Amino acid sequence: MEEKVMVVDALESINANLSKYGEMIPQTDNTELKQTLKQIRNQCEMSQEELYEIARSKSYYIPAAKASEEEIKQVRSIFTA
């Protein structure tokens, strides 16, 4: 298996896990479990950032173009209306 495929697969897996933690955390009433899930999510985010930087540096992942100021204002207005 190529390194590029492995890195992209790992990124996709981490991103899926982050989504799951985002769903689980607000659904638990157990404070200790909530804190544990947050710690795991934070570690997962750090791993994702590291892997993202590696993928980007090797051109395995090319991020979308940056949004213009006008696009940012438009999205912001949708959520603040």
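Heads up: numbering here begins at 1 and tracks the sequence. We use all heavy atoms of the structure for the numbers below, so side chains are in, but hydrogens, waters and symmetry mates are not. The structure presented is a predicted model; accordingly, all values stated were derived computationally and were not measured.
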Roughly how far, to the nearest 0.5 Å, is the [atom2] atom of [Y] from the [atom1] atom of [X]?
X     : Y     : atom1 : atom2 : value
Ser59 : Tyr61 : OG    : OH    : 13.0 Å
Ser47 : Asn42 : OG    : CG    : 11.0 Å
Tyr21 : Gln43 : OH    : CD    : 9.0 Å
Glu49 : Ile14 : CD    : CD1   : 10.5 Å

Glu50/Glu53 under side-chain contact (heavy atoms from CB on, under 4.5 Å): CA gap, chis, key distance, verdict
CA-CA 5 Å; Glu50 289 175 24; Glu53 288 302 324; 6.0 Å; no
Quick one: do [X] and [Y] end up in the same hydrophobic cluster if we chain Ile, Leu, Val, Met, Phe, Trp and Tyr together by side-chain heavy atoms under 4.5 Å apart?
X     : Y     : result
Leu18 : Tyr52 : yes
Leu11 : Tyr60 : yes
Leu51 : Val8  : no
Leu33 : Met24 : yes
Ile25 : Ile40 : yes

Between the main-chain N or O of Glu32 and the side-chain N or O of Thr36, is there a donor-acceptor pair closer than 3.5 Å?
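Yes, the answer is positive, given that a donor and an acceptor are paired below the 3.5 Å cut-off.
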Would you find more than 12 non-hydrogen atoms of other residues, nucleotides or ligands less than 6.0 Å from Glu23 atom CD?
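More than 12 within 6.0 Å, yes.
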So does Glu45 have more than 12 non-hydrogen atoms from other groups sitting under 6.0 Å from CD?
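Yes, CD of Glu45 has more than 12 neighbouring heavy atoms, counting only those of other groups under 6.0 Å.
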Please step through side-chain contact (heavy atoms from CB on, under 4.5 Å) for the pair Lys34 and Asn30, ending with a clear verdict.
CA-CA 6 Å; Lys34 189 175 284 212; Asn30 182 317; over 6 Å; no
Between Glu71 and Lys66, which heavy-atom pair has the shortest distance, and what is it?
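Scanning both residues, the minimum pair turns out to be OE1-O, 4.4 Å.
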